[in-house]
Each structure stands twice: as C-alpha cells, then as structure tokens.
Protein chains: 2
Amino acid sequence: MSESKNKFNKDMPSARRNQASGATLIDVAKVAGVSPITVSRALNRPDQVSEKAREKVRRAVEQVGYIPNMLAGGLASRQSKLVAIFVPTIAHPIFAEMVQALMDELSRAGYQAILGLTGYQKETEETLFNTILGRRPDGIVLTGTQHSELMRRRLIASGIPVVEAWDLCDDPIDMLVGFSHEQVGREVARHLYAKGYRRFAVVTAEDARGMRRYHALLDELHHLGIDDVPTAFIPPPSSLNAGREKVCELLDAGHRPEVVVCSSDTVAQGVLAEAASRGWTVPKDLAVMGFGELSNASQVYPSLSSVRLDGDRVGGQIAQALLERFKNPDAEIAPLRIDTGFTIVDREST
Amino acid sequence: MSESKNKFNKDMPSARRNQASGATLIDVAKVAGVSPITVSRALNRPDQVSEKAREKVRRAVEQVGYIPNMLAGGLASRQSKLVAIFVPTIAHPIFAEMVQALMDELSRAGYQAILGLTGYQKETEETLFNTILGRRPDGIVLTGTQHSELMRRRLIASGIPVVEAWDLCDDPIDMLVGFSHEQVGREVARHLYAKGYRRFAVVTAEDARGMRRYHALLDELHHLGIDDVPTAFIPPPSSLNAGREKVCELLDAGHRPEVVVCSSDTVAQGVLAEAASRGWTVPKDLAVMGFGELSNASQVYPSLSSVRLDGDRVGGQIAQALLERFKNPDAEIAPLRIDTGFTIVDREST
DNA sequence: CTGTTAGCGCGTTCAT
DNA sequence: ATGAACGCGCTAACAG
C-alpha cells in the first residue's frame with residue numbers, strides 16, 4: 001500500500017494497470033501462447049476453437065485470474081448482457097419475489113439484472129430511466145402499463161425488447177406479461193357465488209386497479225342476480241387499520257354480509273381483526289377474501305381466502321419472453337401477450 | 001419495421017447505427033458546434049466549461065435525445081459508477097429494506113447498484129462473484145463476514161472498496177457495518193431482567209448467528225444469577241410451526257417461564273400462537289421476545305417484543321462508508337468499523 | 001481453425 | 001477555456 005499515486009506508465013505490464021485482479025485478455029493470450037481473439041473465442045464461442053487451444057486458454061485464465069471486462073466486451077459487441085428491471089419498490093414481497101425469480105432465470109442464461117426503483121420521488125422517473133438506459137441494457141422490464149408518452153416513444157424508437165408486467169392492456173409497447181384485473185373481479189364473484197354466498201360486501205382502496213376489479217365484481221354479481229353490494233372505499237394509503245374501520249362502518253350501518261371482498265390482504269387483515277374482536281369465527285360467521293401477496297398472513301389467519309399473484313411465475317414468464325426474443329429478434333409481428341393468470345387460494349376448504 | 005437486417009454501413013450517420021436512441025457524443029458535438037470533448041466536459045465537469053458552451057450542449061443533448069453510454073465511459077475512465085451488492089435473497093424484508101435504502105442513497109450520488117443473489121445454489125458463489133466483478137464495480141457490499149479464502153484474497157488484491165454488512169468481526173476485509181450478536185444477547189438479557197423477569201426460556205434456531213446470541217444471553221443471565229434456562233433448539237429451516245411445537249415441548253415438560261426468548265420473529269409468532277391457543281394473555285401470562293424484521297407481525301401481535309434491525313439504517317451507513325471512500329481513497333489505514341446498533345422494541349410498554 | 005485489422009464511445013493526457 | 005491525439009479491453013469483419 002506504499003505507492004499511493006495512481007499514475008501508471010504505459011510500459012508497465014498491464015497486469016499492474018488494471019484494477020480488479022488485473023489481467024486482461026492480452027495477458028491471457030501471452031501466457032497461453034495464442035492470439036487475443038482466440039482467447040476471446042475460447043471463452044465465448046468454445047465450439048469455434050480447437051480443444052487444444054481451449055485447454056491452453058483455460059489454464060492461462062486460471063493462472064492469471066482473468067475476469068473478462070464486460071464493459072469493454074459490451075462496448076465492442078453491443079451486447080451488455082444486462083436487463084433493466086423497473087419496479088416501484090423491492091420492499092414489497094410481491095415485487096421482491098418477482099425480481100428474485102426473474103434474476104435467477106436470467107442469470108442461468110448469462111444475463112444480469114439492473115434494478116430501477118421507481119417508487120422514490122427523489123429521482124424523477126425520467127432521470128432514473130436515463131441513468132439506466134446509459135448501461136445499454138439488452139432488454140427492459142416495466143411494471144404496470146402506464147408510462148409517460150415520452151418514455152413510450154423513446155422505448156419504441158430504441159428497438160430494445162420491452163416487457164410490461166403485472167397488467168394487461170390493449171396497446172403494449174412490445175411484450176406483455178400479466179393478468180386482467182377485470183378477470184380477477186369476475187372470477188372472484190363466480191367463485192364465491194358458487195360456494196353459496198349471496199350477501200356480499202366490499203372494502204376496497206380507491207386506486208385504479210382495485211377499482212377495475214371492483215367494477216368487474218359488481219358487474220358479474222349483477223349477472224348473477226345480486227345488486228345490493230354495500231361498499232366502503234378507503235382513500236389511499238390503505239392499511240390494516242383503515243380496513244378495520246371501514247368494515248366497522250358497514251357493520252354499524254346494519255349490513256350483515258356473509259362475505260367481505262377486500263382490495264388487498266392488508267385490508268383483509270383489518271377485517272379479520274374486527275371479526276375476531278367481535279368474537280366471530282371466520283369463515284363461518286363471516287368469510288373474507290383478500291388479494292395480493294398473502295405473505296405470512298396465511299399462517300396467522302388460516303381462514304383468509306385470497307387471490308394470489310405468483311411472483312415466481314410472473315418472473316419466470318418475463319424471463320422466458322425476453323430470452324426468446326434475444327434468441328430470435330425477428331419476431332417483430334404481433335406483440336407477445338402472456339396471461340399468467342392468478343390463483344384463488346381458498347383457505348376455507350383446506 | 002421494414003428494414004429487418006442489422007447490417008450497417010460505416011457511412012450511415014451514427015445515429016442510425018447505435019441502438020438505444022442512437023445519438024453519440026459526436027452527434028451532440030456536431031449539433032452543438034463544439035468538439036466532442038467539450039460535450040463530455042459540459043456533462044461531467046460543468047465548471048470547466050463556459051456557460052455559453054454548456055447551454056449549446058444542453059440544447060443539442062435535448063434535441064438528439066442523447067444518453068451517455070456508460071459502458072464506453074466506464075471503460076475509458078475506469079469508473080463504472082456501479083456498486084455490487086451481495087445478499088442471500090431480496091425476498092426477505094430485512095434485506096429488501098437494506099438494499100432499497102442503499103440503492104436510494106447511492107443513486108443520489110450518481111451510482112447504481114448491481115445485485116448478486118447468493119442464496120441460490122444453482123450458480124456457485126464463485127461464478128456469481130466473477131460475473132459481477134466483470135462489471136468492474138467501484139465498490140462491493142457483502143452480507144455477513146464468512147466468505148471463502150479465495151474470495152477474500154481476490155477482493156483484497158483487487159483494491160476495490162469493500163463493505164461487509166450485518167455482522168461485526170475481528171478481521172474485516174476492508175470496511176465493516178453491522179452489529180454484534182453477542183451484544184444483542186447480552187442486552188436482551190439485561191433488558192428483560194431489568195423489567196423484572198426471572199424465569200427465562202429460549203427457543204432458538206441452530207444457526208451460527210442465533211447461537212452466538214444465545215450463548216451471550218446465557219452468559220449474561222449467569223452473571224445476573226440465573227442459571228436455569230430451559231432451551232429448545234430448532235434444526236433448520238426454522239418456521240412458525242417449528243417454534244410452536246418446540247415451545248410446546250418446553251411447556252409440556254413442566255417448565256413455566258415468564259418470558260420466552262426466540263431466535264427470530266417467525267419463531268416468536270409460533271410461540272404467540274401456542275400461547276393464544278392456551279388462552280394465555282401476552283405478555284401478562286407469558287412474555288415473548290423475537291428478533292428480526294417484525295414486518296406486519298407487529299400489527300397482528302402488538303404484544304410481541306423484538307430486537308429490530310433497521311435495514312434503512314444499515315443501508316444508509318453502508319452507502320455513507322462507501323461514498324466517503326470513493327471521495328477519499330487514501331484512507332487506507334484502520335479499517336472503518338461502524339456499529340449501527342439495534343433497537344429493542346418493547347411492545348409491552350406502549 | 002486461427003490471426004489481422006479496425007473500430008465500439010468515451011475520457012485522459014498534453015497541447016493551445 | 002477548448003481541442004487533438006491516443007488508448008481503455010474487447011470483438012466484428014475479413015482474411016489466411
């Protein structure tokens with residue numbers, strides 16, 4: 001640690017100049033006694049190199065501790081082997097799960113992920129976007145389908161493969177992996193109706209997606225002959241306590257539903273708490289339907305039914321779509337659209 | 001979408017050649033009517049460029065939609081502006097929180113993070129490590145202090161700033177941010193003793209860190225004159241149910257503790273569940289101490305005390321240590337060692 | 001199957 | 001305050 005200055009002479013061996021364990025392709029080539037390009041090929045296209053050469057290279061790599069510089073590689077090949085993933089936050093289990101699954105899948109194909117956290121206001125969405133695009137990702141994963149026009153245009157113009165996740169919409173930028181909120185609403189309605197429930201109530205947050213589920217639910221219930229659905233709306237941010245208060249209001253107003261459909265598991269937990277404090281048994285006295293990640297609430301409240309989005313599954317499908325596209329970039333026609341579906345986890349029957 | 005082939009002539013404008021929104025520094029320079037290097041400086045060292053030039057550049061950037069290529073920039077400057085973060089998983093809230101805080105802090109300083117998920121066996125730790133080092137990160141964050149000798153040596157040799165997080169140990173690679181498990185054990189003992197508890201029991205997972213807390217707890221209790229501490233060990237993986245079963249065994253064996261100390265909140269929830277099913281009030285009939293993220297268990301079980309690690313705080317301190325080092329690389333003496341501490345969240349008193 | 005040549009897009013020198 | 005030349009480490013294209 002004596003030579004503090006970083007001034008390096010051009011005539012010192014490159015092993016001395018380069019930081020991370022030093023060695024470059026050229027060093028490896030020298031040791032192996034082949035040309036640099038042969039080393040490159042031995043590493044990236046082994047089939048184009050003789051077994052003998054490969055072996056020499058392998059040993060040389062080992063000996064000098066060579067780690068390919070992907071900045072240089074990416075620059076030259078125009079392939080960063082990077083996929084940008086934009087999510088609001090990873091502190092929410094459902095996104096964490098998706099990201100985890102996605103990264104795992106990508107890594108086995110030799111790709112790495114770079115995360116863009118859009119939830120923080122500190123950086124504008126555009127700034128974040130630019131910084132990340134500066135890494136020249138080979139693919140981009142977006143959460144949701146509502147982005148600024150500018151972003152959409154730039155993305156389309158860039159020609160980079162894009163996957164929009166979680167939602168299904170009509171005019172995707174490129175590829176789409178998600179589920180239909182309308183379908184969730186309808187299926188929940190049918191599911192509960194089929195189980196025999198007739199007196200419904202709803203406690204829902206007022207966000208766009210929750211409302212889409214809600215309206216589809218109402219619509220389907222209407223078709224089933226049910227029109228009176230007492231509803232309490234929660235202004236954002238929704239919370240366990242808000243759920244509890246709102247269901248209280250409904251009950252205090254004299255409503256006696258057999259089942260309460262909630263816009264999220266958090267809200268549902270509030271309802272469960274209220275039920276417990278009234279000494280009601282779930283689902284006998286009151287059934288509760290949640291929506292979302294469930295997390296460990298499922299262990300705490302075995303009686304909570306819920307619509308579960310499977311982050312693993314979504315992540316896997318995104319990866320699949322992306323990797324497919326990398327392999328076969330010509331499939332420009334008919335934007336891919338994958339419906340991962342969702343699962344109604346019925347805790348009552350188990 | 002008509003010209004499908006990617007063959008590009010050298011004489012076509014570079015805007016056509018380059019993928020992501022196309023423009024290069026040279027394009028900007030042409031439009032702005034200055035030399036490329038002036039553009040570079042206007043963007044990276046604004047103070048070295050006249051206001052007039054800056055304005056011209058700014059407009060040209062806007063016009064052509066220029067996004068700097070950080071692969072090229074990193075290669076030339078030997079600064080990737082990337083920080084590698086290794087964590088077992090981000091599906092666990094406590095790591096997610098840390099990563100989120102860390103990324104946020106780094107991004108305001110112009111750095112981005114690249115994640116290495118060590119929890120998956122599919123890739124060996126070494127492979128993961130090499131792939132990520134290929135991006136030439138300017139800094140590295142490691143979780144825990146137990147790494148292979150090879151990794152340690154390579155890391156030290158590389159000269160890249162390293163922060164080890166979560167644990168405190170005696171021979172850090174470089175910088176260290178964490179807390180002492182021993183200290184947690186001791187403080188929990190003192191805390192509970194001070195509250196008047198005398199009959200202790202422990203339900204702990206058999207992992208290394210949990211055992212370190214456990215032994216420190218026993219040791220401190222011993223100093224306080226308490227030597228009989230019935231303990232149940234949970235072989236990995238620990239779970240809510242395991243916690244419940246184990247505490248059952250203790251109780252069935254005739255032990256009547258006033259307080260049960262658990263190795264994690266998950267285990268603690270199992271204990272709470274068992275207490276509930278016996279009709280016991282927490283903490284009156286039985287107090288419970290957890291450890292970890294708490295997550296929404298705190299809302300479900302307001303009576304659960306816990307030792308809380310603050311992911312935000314840890315993430316923030318890591319960022320601070322790293323950024324400090326980037327600014328002042330000469331501080332090679334005396335490895336930094338930050339104890340972020342922890343908080344005993346006492347739900348009983350609120 | 002292997003080597004040669006010529007950049008990828010940018011920042012670092014050293015000039016002016 | 002601005003510019004010219006050169007090189008970062010690697011790979012694409014074209015030879016041989």
Problem - Side-chain N or O of A:Ser40 closer than 4.0 Å to phosphate OP1/OP2 of D:dT11 - result: yes
Problem - Separation of atom CG in B:Leu75 from atom C1' in D:dC10, rounded to whole Å - result: 8 Å
Problem - Spacing between A:Gln48 atom CD and C:dT2 atom P, to the nearest angstrom - result: 11 Å
Practice task
Please determine, for the side chain of B:Val34, which listed nucleotide (D:dG3, C:dC8, C:dT4) has the closest atom?
Solution key: D:dG3
Exercise for the section: Please determine if a side-chain N or O atom of A:Thr38 lies less than 4.0 Å away from the OP1 or OP2 oxygen of C:dC1. Expected result: no
Problem - Phosphate OP1/OP2 of C:dG11: any B:Asn44 side-chain N/O under 4.0 Å - result: yes
Exercise for the section: Indicate, with a heavy-atom threshold strictly under 4.0 Å, whether A:Arg54 touches base, sugar-phosphate, or nothing. Expected result: nothing
Problem - Separation of atom CZ in A:Arg136 from atom P in C:dG9, rounded to whole Å - result: 9 Å
Exercise for the section: State whether a side-chain donor-acceptor pair under 3.5 Å links A:Ser107 with A:Gln112. Expected result: no
Practice task
Determine yes or no for a side-chain-to-main-chain donor-acceptor pair under 3.5 angstrom, with B:Asp104 supplying the side chain and B:Gln100 the backbone.
Solution key: no
Handout entry: Pairwise C1' distance for D:dT11 and D:dA15, with rounding to whole Å
Key = 16 Å
Handout entry: Aromatic plane relationship, A:Phe326 with A:Tyr111 - under 30° parallel, 30 to 60° tilted, over 60° perpendicular
Key = parallel
Problem - Distance test, side-chain N/O of A:Arg78 to OP1/OP2 of C:dG7, below 4.0 Å - result: no
Exercise for the section: Ignoring hydrogens and angles, tell me if any N or O in the side chain of A:Ser80 forms a donor-acceptor pair with the backbone of A:Arg136 under 3.5 Å. Expected result: yes
Problem - Closest to side chain of A:Arg45, choosing from C:dT12, D:dG9, D:dA12 - result: D:dA12
Exercise for the section: Kindly point out which of D:dG9, C:dG11, D:dA12 is positioned nearest to the side chain of A:Ala72? Expected result: D:dG9
Completion exercise
To the nearest angstrom, the CG-C1' distance between B:Asn69 and D:dC8 comes to 13 Å
Exercise for the section: Compare side-chain N and O positions of A:Ser77 against OP1 and OP2 of D:dT11 and report whether any pair is under 4.0 Å apart. Expected result: no
Practice task
Measure distances between side-chain N and O atoms of B:Arg41 and base N and O atoms of D:dG3, and say whether any donor-acceptor pair falls under 3.5 Å.
Solution key: yes
Handout entry: Rounded distance (Å) that lies between atom P of D:dC8 and atom CD1 of A:Ile26
Key = 8 Å
Exercise for the section: Report the distance from atom CD of B:Glu51 to atom P of D:dT2, rounded to the nearest whole Å. Expected result: 11 Å
Handout entry: Short side-chain N/O contact to D:dC8 OP1/OP2 from A:Thr24, under 4.0 Å
Key = no
Practice task
Please state how far atom CG in B:Leu25 lies from atom C1' in D:dG3, giving the value in whole angstrom units.
Solution key: 13 Å
Fill in the blank from the handout: B:Glu55 atom CD is separated from D:dT2 atom P, nearest whole Å, by 14 Å
Fill in the blank from the handout: CZ of A:Arg135 to NZ of B:Lys81, rounded to nearest 0.5 Å, is 9.5 Å
